[in-house]
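Before any comments, here is the structure.
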Amino acid sequence: MSQPHLELQENPSGEPRRGFMTNILAAGIGLVAGAVPALTGLAFFLDPLMRKKNGGSGDGFLKMPVALDALEINGEPQLVKIIMDKVDAWNTYLKQPVGAVYLRRTDQDKVVAFNSRCPHLGCAVDYKPSQEHYFCPCHTSTFGLDGVKQNEIPPRDLDNLEVQIRNGGEVWLKFQNFRATTPEKIPVG
Amino acid sequence: MNALINWLDDRTGLKKLIHEALYENIPGGARWRYVWGSTLVFTFTIQVITGIFLWTAYSPSTTTAWESVYYIQHHMQAGWLVRGLHHFSASAMTVLLALHLMQVVIDGAYKAPREINFWLGLILMQIVLGLGLTGYLLPWDQKGYYATQVSTEIMGATPVVGPELQQLAQGGPQYGHHTLTRFFAMHAGILPGTLIAFLVLHIAVFRRHGITVPDPDRAPAATFWPDQVLKDGIACLAVLGTVLTLTFWHHGAELAAPADPSEAYSAARPEWYFLFLFQFLRFEWVEHQGLAFGAIYLPGALMAILAAMPIIGRWKAGHAFNVVFLFVMIVGIIGLTGLALKNDAADPDFTAAVRQAHEDSVRIEELAKRPEGIPLEGAVSLLRADPKSQGPRLFARNCAPCHRYDGHDGTGRKVTFKEPIVEEVLEKQKDGTQKNVKKIIDYKPPVEVLATATDLGKFGSPDWIKAVITDFKGTFSALENVKDKDDIKKVAESSKHFLEGEMAEWSSTHKNHWRTDPKNEQALNDLVAFLYSQGQRRGATDISDEALKRGRQIFETGKLPVGEFKSSCVDCHSLQPIGEDKLLGEVGVGPTLTNYGGDRWLREFLNNPGHEKFYGSNNTMPAFGERLTEKELDLLVRWMVGDYE
């Protein structure tokens with residue numbers, strides 16, 4: 001170390017030349033003592049990252065409140081609220097609305113479903129019947145009836161959700177949210 | 001690197017600061033006795049770190065405080081560890097405070113010119129105790145809730161401003177959401193902030209005067225770094241080791257059942273470092289002086305003497321007085337704490353209360369971990385609706401005056417009576433005259449009270465049914481304890497009648513029938529199995545159909561493999577078998593056995609035991625349909641028939 005211009009070296013007792021080991025030991029012990037609570041606390045803080053993903057029960061498919069027959073082939077998309085039990089830390093909220101989907105029947109036994117969250121920044125898109133497209137009121141993202149984006153604002157098309165027709169007329173859907181802003185569909189939670 | 005350090009130093013004076021911090025001169029060399037201050041700073045650092053992390057998961061309201069702490073303790077990664085470290089470090093801090101104070105007083109480090117620093121230290125001590133007190137309430141469990149109630153009541157006993165002070169601390173006339181938000185703000189904001197401010201002053205003034213060295217020529221002088229730091233570090237590690245050991249030993253800090261103002265908590269005690277004060281306030285002579293004397297004036301006086309030590313120390317024998325005073329005070333505190341622990345250990349009611357509190361805390365954990373989670377109104381509602389924890393309490397209150405449950409009152413306590421010792425004492429009246437007054441001065445040792453009705457610990461079980469059939473008189477022998485006094489003459493008569501009635505006779509007549517042949521022994525088991533199955537209890541599902549058929553046949557015909565009964569069961573008892581709509585026998589002679597020992601039977605029986613279906617005019621038991629609410633009756637019945645998970 002170059003000599004600082006402050007005259008620090010004038011220790012009243014003359015700085016004793018202590019063994020190198022004492023220095024290392026003192027510093028090491030201090031480090032260990034401080035690290036234990038800090039690292040324990042950090043592990044605690046990182047809890048949300050370590051939590052198992054919410055698998056839900058069964059295969060993750062939910063029965064929709066509308067039957068296949070109630071949907072007109074190539075008719076207007078219908079907005080359906082997704083009602084699920086929601087676990088929030090220590091509470092379980094039974095039957096809470098957690099999101100919404102647009103359902104549209106495109107064939108005798110085919111239903112297309114879009115998550116109503118805009119892939120741009122997560123606002124809810126509206127269906128405009130007069131223009132036959134989905135429109136996001138936040139930043140004017142526009143999507144066609146098939147969910148394909150019609151301007152350059154959203155990073156990707158509307159998020160398609162898996163649908164199954166079961167027991168000859170029940171509509172079942174795998175509800176998922178996806179990260180906004182990315183060109184790829186990345187599931188959340 | 002050096003350039004950067006010099007650049008920084010030019011602008012901040014960093015080097016000088018570090019130098020001052022590390023190279024403090026210690027005449028006589030580094031010593032173990034100087035470590036206490038550093039260990040206190042260290043434990044405080046642990047508290048700040050763990051406290052802030054706990055803060056990220058704590059939710060202060062009456063319906064979420066316990067729940068969030070439960071979540072920390074049982075669901076979050078390392079949650080129990082962080083909470084345990086925080087809890088046991090708080091205890092360690094109290095011990096270290098006492099040691100630091102002792103070292104300061106013994107070494108005379110409070111004397112001029114260090115008086116101010118001594119006083120700063122005493123203020124720090126109050127803040128630390130305040131942190132302990134406010135932190136104890138935050139989990140909102142029974143333990144913290146009831147212990148803190150005492151503290152705020154004491155606050156209310158402060159002369160002149162007491163009630164206002166109490167309301168301010170509680171955030172209202174009663175405990176509620178604002179009690180928690182206020183305690184939390186105190187605990188995590190105001191008190192630690194104040195503590196840091198005073199700690200900075202304390203250390204600054206300490207550095208100004210330097211360390212108090214009793215014996216400067218003992219060894220060559222050293223500097224704080226690295227010699228004293230090494231010793232301090234080792235001491236801190238030892239403290240950390242102790243705290244970690246305690247944390248792992250107890251698997252973190254205890255979390256009692258959620259606070260319930262409607263549920264008395266007889267296991268309430270303050271945190272251990274306040275036990276001496278608790279014990280002190282229990283002395284009758286202290287009580288006679290009023291709460292303010294024991295809880296405020298006297299501790300205040302002790303603190304005043306502590307604060308006056310620097311002044312007392314100026315006199316010739318002052319230092320010796322100070323040392324002796326502190327020694328006596330600490331011995332007194334240890335003695336009172338020991339006495340409190342000893343009294344509690346010897347008190348069966350207290351140990352039973354502690355056991356019950358522990359059972360509740362285990363139970364609520366089970367309930368909260370169910371997939372349906374904790375309802376929005378809080379975990380306390382889970383416990384209130386739980387037959388397993390409420391049944392015993394209802395039994396103790398309503399049934400245990402006459403019945404027992406496996407020898408106790410349902411909650412594990414013996415039913416006892418303490419006879420008061422009454423003496424005439426001369427007491428001063430308000431008008432100044434003296435007068436003889438009868439007063440309870442003490443109690444005789446508790447005597448167990450005899451049950452006057454049957455022990456119901458096994459009620460409805462196969463063992464119970466077998467005992468009623470084969471030894472009716474023995475099973476109900478507690479009825480003999482009903483004293484033939486005028487006021488309960490009818491009760492005594494009915495009890496006698498019960499013990500000498502037809503069923504008692506039937507039971508003793510056939511006492512030996514069961515043993516004459518192994519086939520008959522099997523027949524008894526079949527009969528018991530049949531009757532037990534009628535209760536539809538959870539345990540009654542694995543009985544074979546053949547056994548039920550054979551048992552039913554005996555019930556209806558009275559025919560045994562070898563010999564037969566004088567009269568069969570249906571001759572006196574009616575029974576509508578499960579799933580059938582035809583009644584066997586007739587209602588009105590002996591009690592009906594439809595769903596005997598089951599939910600419906602017991603509910604109807606408790607509602608009106610004097611109904612002709614049950615004991616009719618022979619009944620002496622009160623009808624509990626009038627005494628209990630529907631919900632209470634439901635909890636009691638479900639507990640007794642084992643209808644809970």
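Not measured: the values here are computed from a predicted model.
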If you count heavy atoms of other groups shown closer than 6.0 angstrom to CZ of Phe45(A), is the number above 12?
no
Give, as side chain, backbone, both or neither, the part of Thr64(B) having an atom under 4.5 angstrom from any heavy atom of chain A.
both
Mark yes when over 12 heavy atoms from residues, nucleotides or ligands other than Lys128(A) sit less than 6.0 Å from its NZ; otherwise mark no.
no
Answer with side chain, backbone, both or neither: which region of Ser59(B) has an atom nearer than 4.5 Å to a non-hydrogen atom of chain A?
side chain
Around atom CD of Glu152(A), are there more than 12 heavy atoms from other residues, nucleotides or ligands closer than 6.0 Å?
no
Has Arg218(B) got more than 12 heavy atoms of other residues, nucleotides or ligands less than 6.0 Å from its CZ?
yes
Lys369(B), NZ: over 12 other non-hydrogen atoms inside 6.0 angstrom:
yes
Shortest non-hydrogen contact between Ile374(B) and Asn91(A), atoms and distance:
O-ND2, 2.6 Å
Looking only at heavy atoms and a cut-off of under 4.5 Å, which of Leu240(B), Leu244(B), Thr45(B) has the most pairs with chain A?
Leu240(B)
Heavy-atom count around Trp90(A) CH2 within 6.0 Å, excluding the residue itself: above 12?
yes
Based on non-hydrogen pairs under 4.5 Å, which of Ser68(B), Gly373(B), Pro27(B) is most in contact with chain A?
Ser68(B)
Heavy-atom closest pair, residues Pro226(B) and Thr22(A)
CG-CG2, 4.0 Å
Heavy-atom closest pair (Gly34(A) atom, Phe42(B) atom, distance to 0.1 Å) is N-CE1, 4.3 Å
Do Thr92(A) and Glu372(B) pass the side-chain contact (heavy atoms from CB on, under 4.5 Å) test, and can you show the C-alpha distance, the side-chain angles, and the key distance before you say yes or no?
CA-CA 6 Å; Thr92(A) 303; Glu372(B) 51 269 39; 5.7 Å; no
Flag yes if more than 12 heavy atoms outside Trp32(B) fall under 6.0 Å of its CH2 atom; otherwise flag no.
yes
Among Asp232(B), Val229(B), Leu230(B), the one residue meeting side chain to side chain contact (heavy atoms under 4.5 Å, CB included) with Ile29(A):
Leu230(B)
Trace of the side-chain contact (heavy atoms from CB on, under 4.5 Å) decision for Phe53(B) with Thr40(A):
CA-CA 9 Å; Phe53(B) 281 117; Thr40(A) 313; over 6 Å; no
Show, in sequence, the C-alpha distance, side-chain angles and deciding distance for Leu237(B) and Val32(A), and conclude whether the side-chain contact (heavy atoms from CB on, under 4.5 Å) test is met.
CA-CA 8 Å; Leu237(B) 265 194; Val32(A) 169; 4.0 Å; yes
Please check if the number of heavy atoms outside Arg370(B) that lie under 6.0 Å from its CZ is greater than 12.
yes
Short question: side chain of Gln77(B), backbone of Phe44(A) - any donor-acceptor pair under 3.5 Å?
no
Minimum heavy-atom separation for Ile49(B) to Pro37(A), with atom names?
CG2-O, 3.8 Å
Name the region of Leu85(B), side chain, backbone, both or neither, that has any atom closer than 4.5 Å to a heavy atom of chain A.
side chain
